[in-house]
Every structure is written in C-alpha cells, then in structure tokens.
Student: 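One structure, as structure tokens, below. Some questions next.
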Amino acid sequence: MLKLNAERTGLTLEQLWLRYFAIGGSCGLIEVEAHLLGMMTLPVGECDMLAHAANEHLDDVDRQARIPYSRDLRSAPSRADPGVALVELLDAARLATPDQLGDIAADAGKSLDLDVAVYLIDHDQALLVPVPSSISTDREPLEVDATFAGRAYRFGQTLSLTTEGRPHLWAPLRDGVDRLGVLDVMPHDEADLSDPGLRDQSSWLANLLSSLIVSLNARGDGVEVVRRRHPRSAAAELLWELLPPNTAGTANLQLAAWIAPADNVGGDAYDYTFSRDSATFAIYDAMGHGFGAGLIAATALAASRSARRDGADLARQLTAADQLVSEQFGDSVFVTAFVAVLDLQSGLLRYIRAGHAPALVLRHGKVVKALSSGARLPIGLALNDEPDRRVGRVSLQPGDWLILNTDGVIEARDGNGNFFGEKRLIDFVTREVASGQGPPETVRRLAQAVMNHQQGSLQDDATIVLVRWSGPVADRAS
C-alpha cells in the first residue's frame, strides 16, 4: 500500500484514523501511525479499510487521486446503477405481501453472492426477531443488549464478526431515524468482511429493505406479527393503529417515544407531526384503565389530530378534543395532555398543559426549567375555558432536550414499594446525554430501566417522549 500522509490525502493522521474507524477499522491510532511510517504492517484487510477511508475523502476533493488496494474489491453500486440485485428487489416488491419479506431479501442477497437474513426489533425493543424465509427457518431471536447484532442496532453501525466459522456483517435497518432492525449479511469468504465494497453493497441493500419494510407493513399483518412477543389487547390494538412510529426526526430535531405495556396499553398515547418550519408533539393520559381508557385516549388524539390537520392552533386542537370527549363520554371523563409546537429555526416552544405534569427542559446536563405555564383543565373538562390566554412560551437553546412522561413512569414501584421517581428519571436521562446517546437509544434504555424497576410488570400505562433540538439548520451548517 502506498504511503498515506496529510500531503497526499489532505487529511491529518487523526482525521484519517477517524474515517477508517467509522467504516469498521479495528486498529488503534498508534498502530495506524506506525504502519504509515513503515514501522509495521497492518493486516491486508485493515490496509484496504485504510485505503478506502482515504479514497472516500479523495472522491470529494480529487477523483483522479486514488490509493490502491491490495486486491480486487467488490464494485460499489451507484445511485444511477444500483446493480441487478437491487433492481430485482424493487421489482419483486411491487406486488409482494408482507410475509414474503424474508424471501425477497434472500433472493436479493443471492444476486450479490451473499446469504441474507432480516431481523426486526420487537415492540419492547429488547429482541431482534428473525423474519422467516424459505432458506432460513431455524434462527433464534437475538438480545439487543447482549449480541453483536444488537450493538449494530443500538449504535447504527455496520459491524462484522465471524461466529462458528461463518462470517457475518450486521447492517442497521433504518427508515430515517426510525430503527427497524438489522440485516445479517453473510459472505462466503471471511476476507470479504474487510472489503469496503461489501459494506457499500450491504448499506444499499439495507436502505432499500428498510423502505420495503415500511411499505409492506401497510399492506398486511406479516411484518407486525413478527414484531409481537405476546397477544395484544383490543385497547392496545386500537391505540397502536393511531400512534406514529416511535422515533422520527428532521435535520435539526430528533424525537423518540416509548409506550408500555406494549401489548396491553389502555389510556396513554402520543402524537407528533413535522413540517419544514415546525414540529408539533403531544402526550396524552386518559383516566381509567383497559378498553374504556383506550377509547377515551383514542378519541382525544383523533380529535386533536383532525383539528390540527384542518389548520387549528394548539388551543383549538384541545377545544376540539374537549368537545368530542365530552360529547361521547359525558362531563366526568377527562384526559390530561401536554401539547407543544416548536419553531425549528428560532427554538420558540409554544405549549399548553391540560392537567398534565410539566415537561422538563434539560440543558448542559441539568434541568433548567419545568414547563408549568400554559395551564388549563384536562381535556373533557374545559369547554368553558378561555384557551387563547393559556399558551406557555419558552425559548430553547441549541442542544436542549425536552422530557415528557405520564405518571406511570415515575410511579412505577419496585418490590419494596419505592417509586421510580422524577429524580431517577432525570438522573438517567442526564447520564445518557452525557455519554453521547441520542433520543432513540436513551428512550430504549430508559424503558428497560423502568421495566426492571417494577420487575417487568407495570401497574399503570407508562409513556415517555424525548425531544432534542439541535439549533437552527443554517447555524449548524456554518
């Protein structure tokens, strides 16, 4: 391999190593430096990873300058010519049913001379569940917190590992920031694991399969059935059909939500919508339990959403929910809610707190504000309110987090009757933020902590919504 240095690539040693490490390189900075100085030789696969890291940069600045590889590598598909396998994948998907997902992925893999299997995340975000195919029927679910596949899922990284003599490349399946599962790519030669071309092909295949999973999920039950671990109550079925995906984002905002128990939730719900200029999000907690509470929560969410889509502001969205809940269930039934709209450029947050606990603003590792303004009566009890006077306002700073939760989170009890509590909630999120986790993984870990605190069985519905605003897009790009 030709010597790499800042003069040739335009990268410092540290920048080159970071690029190399990001695409799967496993050698340390000192080892890479020694290799570049001719003091030692890295394994062939690591040399090619290093060359590929340099070439990715050179593609951006000078496509004529290339670092040679030690052997012929797989050609990476381009957007203009994604390759036969990927075209065949799209063709097969046009008339596919959800239960054909595993076979479609396997057939696409064969065209690339690879064995491929799809794993989807279960609704509790604890297991990666294999999607059946005609060539793969004996796979077992994989624990998210205890496997290499789970690590790829948690951190959104493509990782390689040889297990029992079989090489595996684990590629994350994502729809935007929504984490769907992982793709198990199995080349026939272990040396291919260090082939950057294989990683590019796997990435293209994972991206197309992610879009296909979302599309197929709307056509039938096949994808949904794979993700379920337990039978689901009718109330939970009703609410899950209304809920948006539990993670989503824009260029400068990420949102993640968790709702439990997934198979038996009754009165909790959340909602959100994004536009170019704003993000609107809400959390709901209906009185009671079971199917009755589910109907009340679903009514409040549907009425608010309908009014929002008709152009109503926050106050009138809640007024519409007031009217429908009261009309359908009487004047003694209510739903607490926290609804907010965030200006994605200025960071101005406008919110209404309808009998719900205040949301918390987390900044630089500490809670700086509890959003207790904008107070009004719960949905269903406020028909005679004057809602235009009850809108709270706060200006967020870049990097701020918002914590929204229902009382089932902080009131989760351990075997001694001790509450999970707001302090434990804040401390947990603060630690995760400090460790560099984003909202999706923070919510997943927080959910596990709440469930473990109550020995896996919640006494009440529990919902968490975390939002992180990164600041104006123009400022971040400058």
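What you see below is based on every heavy atom in this structure, not just the backbone, and it leaves out hydrogens, waters and symmetry mates.
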Student: Show the nearest heavy-atom pair for residues Tyr272 and Pro245, with the distance to one decimal.
Tutor: OH-O, 2.6 Å

Student: Working to the nearest 0.5 angstrom, can you tell me the gap between Thr280 OG1 and Arg305 CZ?
Tutor: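 Rounded to the nearest 0.5 Å, the OG1-CZ separation comes to 12.0 Å.
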
Student: Which atoms form the tightest heavy-atom contact between Leu318 and Ala354, and what is the distance?
Tutor: CD1-CB, 4.4 Å

Student: Taking Met451's backbone N and O only, do any of them form a donor-acceptor pair with Gln454's side chain (distance below 3.5 Å, no angle check)?
Tutor: no

Student: Asp322 and Gly380: which non-hydrogen atoms are nearest, and at how many Å?
Tutor: OD1-N, 2.6 Å

Student: Is the number of heavy atoms from other residues, nucleotides or ligands under 6.0 Å of Glu143 CD greater than 12?
Tutor: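 No, the 6.0 Å shell around CD holds no more than 12 heavy atoms from other groups.
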
Student: Any heavy-atom pair between the side chains of Val361 and Trp401 that's under 4.5 Å?
Tutor: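 The answer is no, as the side chains (C-beta and beyond) never meet within the 4.5 Å cut-off.
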
Student: Within 45° of the axis and under 6.0 Å from the centre of the six-membered ring of Tyr351, does NZ or CZ of Arg393 qualify?
Tutor: no

Student: Got Thr299 and Phe329 here, is their nearest side-chain heavy-atom distance under 4.5 Å?
Tutor: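 Answer yes - side chains close enough.
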
Student: Would you say that Glu422 contacts Leu360 through its side chain, given a criterion of any heavy-atom pair below 4.5 Å between the two side chains?
Tutor: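 Yes; the side chains approach each other to less than 4.5 Å.
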
Student: Work out which heavy atom in Ser210 is nearest to a heavy atom in Leu180; give both atom names and the distance.
Tutor: O-CD1, 3.6 Å

Student: Going by atom types alone, do Thr247 and Asp178 pair a side-chain donor with an acceptor below 3.5 Å?
Tutor: yes

Student: Under 3.5 Å, side chain of Arg174 to main-chain N/O of Val177, donor-acceptor pair present?
Tutor: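 No, the answer is negative, given that no donor and acceptor are paired below the 3.5 Å cut-off.
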
Student: Tell me yes or no: between the side chains of Ser275 and Asp277, is some donor less than 3.5 Å from an acceptor?
Tutor: no

Student: Between Glu190 and Thr162, do the side chains contain a donor N or O and an acceptor N or O under 3.5 Å apart?
Tutor: yes

Student: May I ask you to check whether Thr406 and Asp268 show a side-chain donor-acceptor distance below 3.5 Å?
Tutor: yes

Student: As an exercise, state the distance from CG of Leu466 to CG of Leu402, rounded to the nearest 0.5 Å.
Tutor: 9.0 Å

Student: Are the side chain of Tyr270 and the backbone N or O of Ile259 linked by a donor-acceptor pair below 3.5 Å?
Tutor: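 A pair under 3.5 Å: no.
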
Student: Looking at CZ of Phe428 and OG1 of Thr442, how far apart are the two atoms once the value is rounded to the nearest 0.5 Å?
Tutor: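 Phe428 atom CZ to Thr442 atom OG1 measures 7.5 Å (nearest 0.5 Å).
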
Student: Any side-chain heavy atom of Leu446 sitting closer than 4.5 Å to one from Trp258?
Tutor: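 Sidechains of Trp258 and Leu446: no contact.
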
Student: Is any side-chain heavy atom of Val450 closer than 4.5 Å to a side-chain heavy atom of Asn452?
Tutor: no

Student: Ignoring hydrogens and geometry, is there a side-chain-to-backbone donor-acceptor pair from Asn405 to Ile464 under 3.5 Å?
Tutor: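 Checking the backbone N and O of Ile464 against the side chain of Asn405, no donor-acceptor pair under 3.5 Å is found.
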
Student: Would you check, one step at a time, whether the test salt bridge (charged side-chain N to carboxylate O under 4.0 Å, His left out) holds for Arg179 with Glu441?
Tutor: CA-CA 10 Å; Arg179 304 183 297 177; Glu441 183 61 14; 2.8 Å; yes

Student: If we ignore hydrogens and angles and just use 3.5 Å, is the side chain of Arg413 paired with the main-chain N or O of Phe420 as donor and acceptor?
Tutor: no

Student: Should Arg166 and Asp115 count as an ion pair when the cut-off is N to O under 4.0 Å?
Tutor: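 Salt bridge: yes.
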
Student: Counting heavy atoms not belonging to Asp145, are there more than 12 under 6.0 Å from its CG?
Tutor: yes

Student: Kindly confirm or rule out a cation-pi arrangement of Arg151 over Phe148, judged by NZ or CZ under 6.0 Å from the six-membered ring centre and within 45° of its axis?
Tutor: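 No, Arg151 and Phe148 do not form such a contact.
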
Student: Tell me whether Lys423 is salt-bridged to Asp427, with the criterion being a basic N under 4.0 Å from an acidic carboxylate O.
Tutor: yes

Student: Nearest 0.5 Å, what's the CG-NZ distance between Asp400 and Lys369?
Tutor: 12.0 Å

Student: Side-chain contact test, heavy atoms from C-beta onward, threshold under 4.5 Å: evaluate it for Ile121 versus Leu128 and give yes or no.
Tutor: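 Counting from C-beta outward, Ile121 and Leu128 do come under 4.5 Å.
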
Student: Looking at Ser435 and Glu432, would you say the former's side chain and the latter's main chain have a donor-acceptor pair under 3.5 Å?
Tutor: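 Looks like yes, one N/O pair under 3.5 Å.
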
Student: Would you indicate whether Glu411, at its atom CD, is surrounded by more than 12 heavy atoms from other residues, nucleotides or ligands within a distance under 6.0 Å?
Tutor: yes

Student: Is it the case that the side chains of Ser470 and Asn252 hold a donor-acceptor pair, with the cut-off being a distance below 3.5 Å and no angle test?
Tutor: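 Per modelled atom types, Asn252 and Ser470 side chains form no pair under 3.5 Å.
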
Student: Leu198 versus Val185: any side-chain heavy-atom pair under 4.5 Å?
Tutor: yes

Student: Using atom types as modelled and distance alone, determine if a side-chain donor or acceptor of His188 lies under 3.5 Å from a backbone N or O of Pro167.
Tutor: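 No, because the side chain of His188 does not come within donor-acceptor range (under 3.5 Å) of the backbone of Pro167.
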
Student: Does a side-chain heavy-atom distance below 4.5 Å link Trp469 with Pro398?
Tutor: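 Answer yes - side chains close enough.
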
Student: Side chain of Asp124, backbone of Ala126: donor and acceptor closer than 3.5 Å?
Tutor: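 No: the side chain of Asp124 does not pair with the backbone of Ala126.
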
Student: Nearest 0.5 Å please: distance from the CG atom of Asp461 over to the CG atom of Asn264.
Tutor: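 Asp461 CG to Asn264 CG: 8.0 Å, rounded to 0.5 Å.
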
Student: Before giving the answer on salt bridge (charged side-chain N to carboxylate O under 4.0 Å, His left out), spell out for Glu237 and Arg228 the whole-Å C-alpha distance, their side-chain angles and the decisive distance to 0.1 Å.
Tutor: CA-CA 12 Å; Glu237 195 70 61; Arg228 293 192 184 190; 2.6 Å; yes

Student: Can you name the closest pair of heavy atoms from Ala152 and Pro172 and give their distance?
Tutor: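 The answer is O-CB, 4.0 Å.
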
Student: Ignoring hydrogens and geometry, is there a side-chain-to-backbone donor-acceptor pair from Asn416 to Asn418 under 3.5 Å?
Tutor: no

Student: Please test Arg229 against Asp263 for salt bridge (charged side-chain N to carboxylate O under 4.0 Å, His left out), starting from the C-alpha separation and ending with a verdict.
Tutor: CA-CA 8 Å; Arg229 294 171 59 188; Asp263 56 336; over 6 Å; no

Student: Between Asp271 and Arg308, does the salt bridge (charged side-chain N to carboxylate O under 4.0 Å, His left out) criterion hold? Intermediate values first, please.
Tutor: CA-CA 11 Å; Asp271 197 18; Arg308 184 189 74 216; 3.0 Å; yes

Student: Where do Val131 and Tyr119 land on the side chain to side chain contact (heavy atoms under 4.5 Å, CB included) test, with the steps shown first?
Tutor: CA-CA 6 Å; Val131 175; Tyr119 287 76; over 6 Å; no

Student: Search all heavy atoms of Phe338 against all heavy atoms of Ala357 and return the closest pair with its distance.
Tutor: CD1-O, 4.1 Å

Student: To the nearest 0.5 Å, what is the distance between CG (Asp414) and CZ (Phe419)?
Tutor: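 Between atom CG of Asp414 and atom CZ of Phe419 there are 10.0 Å.
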
Student: Say whether, by atom type as modelled, one donor and one acceptor occur between the side chain of Asp192 and the main chain of Pro187 under 3.5 angstrom.
Tutor: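 Between the backbone of Pro187 and the side chain of Asp192 there is no qualifying donor-acceptor contact (under 3.5 Å).
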
Student: Just do the ring-ring contact (aromatic ring centres under 6.0 Å, His included) check on Trp170 and Tyr153 with the steps written out, would you?
Tutor: CA-CA 9 Å; Trp170 296 99; Tyr153 171 83; over 10 Å; no

Student: Go through it in stages, so that I can follow the logic: the residues are Leu120 and Val223, the test is side chain to side chain contact (heavy atoms under 4.5 Å, CB included), and I'd like the CA-CA distance, side-chain angles, deciding distance and then a yes or no.
Tutor: CA-CA 8 Å; Leu120 298 178; Val223 173; 3.7 Å; yes

